[in-house]
Amino acid sequence: MGLFTGKDYTAFAVVLFLSFVYNLLLLTSPLYILQLYQRVMNSQSVETLVLLTGVALSALLFAVILASVRRVLLQRLSHKTYVRLGERVITKSLGPALTIPSRAAPLEDVNIIRQFVGSNELLNMMDLPFTILFLFVLFLIHPYLGILGLVICTIMTMLAVASAYMFNKRQMIATKELRRSEEDFSRFASSGGLVYSLCMTGQVVRKWLVGQLAYSEDVRKAGRGGNITAGLSQAVRTSSQIIAMGTAALLALAGELNPGMILATSILLTRAISPIDGTITGHLKYKAARGAFARVSSLLSRPSRSTMFGRPPTTGEVRLSGVVYMPQGGTRKQPAVRGVDLVLTPGEVISVNGPSGAGKSLLAQLVIGSIDPTSGSVQLSGVELRNYPRDQLLGSIGYLPQISDALPGTIAENISLFQSNDSEAVWDAIRAVDMEAEVGALREGIDSPMSVARDLMAPGLYRRLLVARAIYGSPKLVVLDEPDLFLDHIGLKVLSGIVSDLRERNCAVLLISPRGAMSQQVSKRYIMNNGVLEPMDNNDKKKTSPTSPQRQNMTAGSPKGPAVQPQAPVGQQPKVSQATPQPRTFQKPGNDGSLRLIKED
């Protein structure tokens, strides 16, 4: 499906037809002047003058109405295009792992298209073909006048091409510099408190000034050439009227032209070069719209998920089989997740630990379907996860990212995921994380902006609000990525109770890097290293703190209290047994991603 529908093209065709009629009606003025000289002046008839004037005014009034109608049609078309494309672009740009510089940029491109569709620049482009009509009328009046008009229009066209291609590149560079400078300042402004705390205000100002100076330099270079072409086009436009009237007067003196055509020639030539002049002044907007059109078309042409299952999942059972994930963009030579097999059943709590960069967060995103595996299968409730429409998973999956921020909206909207605002359900989630008093202390309660909670609350308290968002409603699958981040001992206790409650409600829970009391509630433990997931032995904890069989025999059955150490006979020194050193074993990742057991002598 393209950017425009069949109805859109029909609307463009209607506007083009109205432009044709509008340009025909613009011939009223030169024809009126010609009739004044040929009929009124010769006949001295007042009735003829009144009739001609009435007809001319009616035609010009109709032309004004047509001009207004076509502007209204383009404005409506631009609004409908923005709404329709905006919905599709937002859906695409919020999809999994897009390799685009900014997820907001496609919507800005849609706005550029909207502005161009409803602009005068598009009307000038639609009027441009009718330049031939006015040149044809000039040729009918006299061939010399037609040739003069053709020469002037050719000069104006050459100036338009020079303005569009010779100075456009510099102007586009300047626009990119300005956008980059504005984006940098926007990021700094959103972290204004941190900038002030780190005493970086002067550095940020200097960075902004450097960007503005680069933009100003590019604008100066581009504007210098643009001003030259604009000045030349204005000189040609104003002088062409004098040249045209002078040529017509010369032909009238020679008896080859009606004197009434002197002024008519000026009007016709002005109408012929007007669309060309408008193209010169609006070529930058046209160039921006063409680039935005290409980028949006490329984005919308990307394949979408083929959703074939229209019902929400019935359970939270997750099965991963041979899952491999290679990040897009060619940033890695090897997959970030390699051959993962995992089964998470309802009522089960699984933990995944491992070093930083091992791929744990990517595994969590694969489990909830925010990214698709490069190969392998991820199933939820017995159905391939990618076959579920994302809207059907709303409320069935709870997710706490490792790094998360407030979404635009209130606390209630963030916790309820912008579903129908059930205040009682929101408060239930807040009570579950023991934040009722903190949220109630805010001036507007759950109707306070989420950004206010982020700025006023301690990181640990704000983290608990994000946990409330993950457990809102009755999710069947909950994935918590480092949920105990920033939490104190009270928060850890609350979080441990939440995990226990989720398990009792037969919810499947995946914990990434849990610590403390939560580790005791885990059903299965896995370790992830270099993208490879392997189960931990149930006796791993014992292996980390081995106890010798002799020590076990000594302590078994002994009464509680300090153990009695055996004493050596008097005069004898206790013999220290020389234990034979045992080789240490440790795991080391191989080149293929598997873990190998290595012995060290």
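As a basis for the values below, the full set of heavy atoms in this structure was taken, side chains included, without hydrogen atoms, waters or symmetry mates. Residue numbers run from 1 in the order of the sequence given.
- The nearest pair of heavy atoms linking Pro106 to Leu299 is CB-CD2, 3.5 Å.
- In this structure, Val337 and Leu366 have side chains that are in contact, with non-hydrogen atoms separated by less than 4.5 Å.
- By the 4.5 Å heavy-atom criterion applied to side chains, Val479 and Leu477 are counted as neighbours.
- Taking the six-membered ring for Trp and the full ring otherwise, the centers of Phe116 and Phe293 sit at least 6.0 Å from each other.
- Using a distance-only test at 3.5 Å, with no hydrogens or angles considered, no donor-acceptor pair links the side chain of Ser351 to the main chain of Val522.
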Could you walk me through whether Ser361 and Asp481 pass the side-chain hydrogen bond (donor to acceptor under 3.5 Å, both in side chains) test, one step at a time?
CA-CA 7 Å; Ser361 296; Asp481 193 349; 2.7 Å; yes
Check step by step if side-chain contact (heavy atoms from CB on, under 4.5 Å) holds for Val318 and Val343.
CA-CA 6 Å; Val318 178; Val343 177; over 6 Å; no
Might you work through the side-chain contact (heavy atoms from CB on, under 4.5 Å) test for Lys524 and Val349, ending with a clear yes or no?
CA-CA 7 Å; Lys524 297 179 183 178; Val349 180; over 6 Å; no
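- Contact check for Ile527 versus Leu533: no side-chain heavy atoms found under the 4.5 Å cut-off.
- The closest donor-acceptor contact from the side chain of Arg431 to the backbone of Glu436 lies at 3.5 Å or more, if one exists at all.
- Distance check: Leu511 CG to Tyr526 OH gives 13.5 Å after rounding to the nearest 0.5 Å.
- Side chain of Glu438 to main chain of Met457: no donor-acceptor pair is present (N/O by atom type, distance under 3.5 Å, no hydrogens or angles).
- Between the side chain of Arg84 and the backbone N or O of Leu3, at least one donor-acceptor pair lies under 3.5 Å.
- Considering every non-hydrogen atom in both Val478 and Ala470, the closest pair reads CG2-O, 4.3 Å.
- With hydrogens and angles disregarded, a donor-acceptor distance shorter than 3.5 Å links the side chain of Gln419 to the backbone of Ser416.
- Between atom CD of residue Glu413 and atom CG of residue Leu407 there is a gap of 10.0 Å, rounded to the nearest 0.5 Å.
- A donor-acceptor distance shorter than 3.5 angstrom exists from the side chain of Gln75 to the backbone of Gly118, with no hydrogens or angles considered.
- Shortest non-hydrogen contact noted between Ala453 and Ile411 is CB-CD1, 4.0 Å.
- When all heavy atoms are compared, the tightest approach of Ser513 to Asp484 is O-OD1, 4.0 Å.
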Please lay out, stage by stage, how Arg463 and Glu482 fare under the test salt bridge (Lys or Arg N to Asp or Glu O under 4.0 Å).
CA-CA 10 Å; Arg463 187 72 170 173; Glu482 296 197 27; over 6 Å; no
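- Two residues are said to be in side-chain contact when any heavy atoms from C-beta on lie closer than 4.5 Å; Arg386 and Pro373 meet this criterion.
- Under the 4.0 Å criterion applied to side-chain N and carboxylate O atoms, Asp341 and Arg319 are not assigned as salt-bridge partners.
- Taking both residues in full, the closest heavy atoms of Ile471 and Ala432 are given as CD1-CB, 3.8 Å, listed atom of the first, atom of the second, then distance.
- Val296 is listed as a side-chain neighbour of Val89, based on a closest heavy-atom distance under 4.5 Å.
- In this structure, OH on Tyr388 lies 9.0 Å from CD on Gln379, to the nearest 0.5 angstrom.
- A 4.5 Å side-chain heavy-atom check between Arg71 and Leu123 finds at least one atom pair inside the cut-off.
- Remark: side-chain polar atoms of Arg114 are not paired, donor with acceptor, to backbone N or O of Leu77 under 3.5 angstrom.
- Between the side chain of Asp501 and the main chain of Gly497, no donor-acceptor pair closer than 3.5 Å is present.
- Looking at Tyr82 and Ile113, their side chains never come closer than 4.5 Å, going by heavy atoms from C-beta outward.
- Side-chain atoms of Gln392 do not come within 3.5 Å of backbone N or O of Arg311 as any donor-acceptor pair.
- Inter-residue side-chain proximity for Leu393 and Pro313 is flagged as met; some heavy-atom pair is nearer than 4.5 Å.
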Under the criterion side-chain contact (heavy atoms from CB on, under 4.5 Å), I'd like the reasoning laid out for Arg503 against Glu348: C-alpha separation, chi angles, the key distance, then a yes or no.
CA-CA 6 Å; Arg503 183 176 56 185; Glu348 191 175 34; over 6 Å; no
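- In this structure a side-chain-to-backbone donor-acceptor pair under 3.5 Å is present from Asp8 to Thr5.
- Using modelled atom types and a 3.5 Å distance limit, the side chains of Ser377 and Glu384 yield a donor-acceptor pair.
- In this structure, the separation between CG on Leu344 and CG on Leu320 is 9.5 Å, given to the nearest 0.5 Å.
- A donor-acceptor contact closer than 3.5 angstrom links the side chains of Glu121 and Ser119.
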Dump the intermediate steps for side-chain contact (heavy atoms from CB on, under 4.5 Å) on Lys80 and Val83, then the final yes or no.
CA-CA 5 Å; Lys80 292 181 179 179; Val83 173; 5.9 Å; no
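- Other residues, nucleotides and ligands place no more than 12 heavy atoms under 6.0 Å from the CZ atom of Arg76.
- Under the side-chain contact (heavy atoms from CB on, under 4.5 Å) criterion, Asn506 pairs with Pro346, sequence neighbours left out.
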For Asp434 and Lys493: C-alpha separation, side-chain torsions, deciding distance, then whether salt bridge (Lys or Arg N to Asp or Glu O under 4.0 Å) applies.
CA-CA 10 Å; Asp434 197 17; Lys493 183 178 179 181; over 6 Å; no
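- Thr410 OG1 to Ile415 CD1: the interatomic distance, rounded to the nearest 0.5 Å, is 9.0 Å.
- Contact detail for Lys360 and Val352: the closest heavy-atom pair is CD-O, 3.9 Å.
- Between Ser381 and Glu317, the side chains place no donor N or O within less than 3.5 Å of an acceptor N or O (distance only, hydrogens not considered).
- Atom-to-atom distance recorded for Tyr325:OH and Ile371:CD1 is 4.0 Å, nearest 0.5 angstrom.
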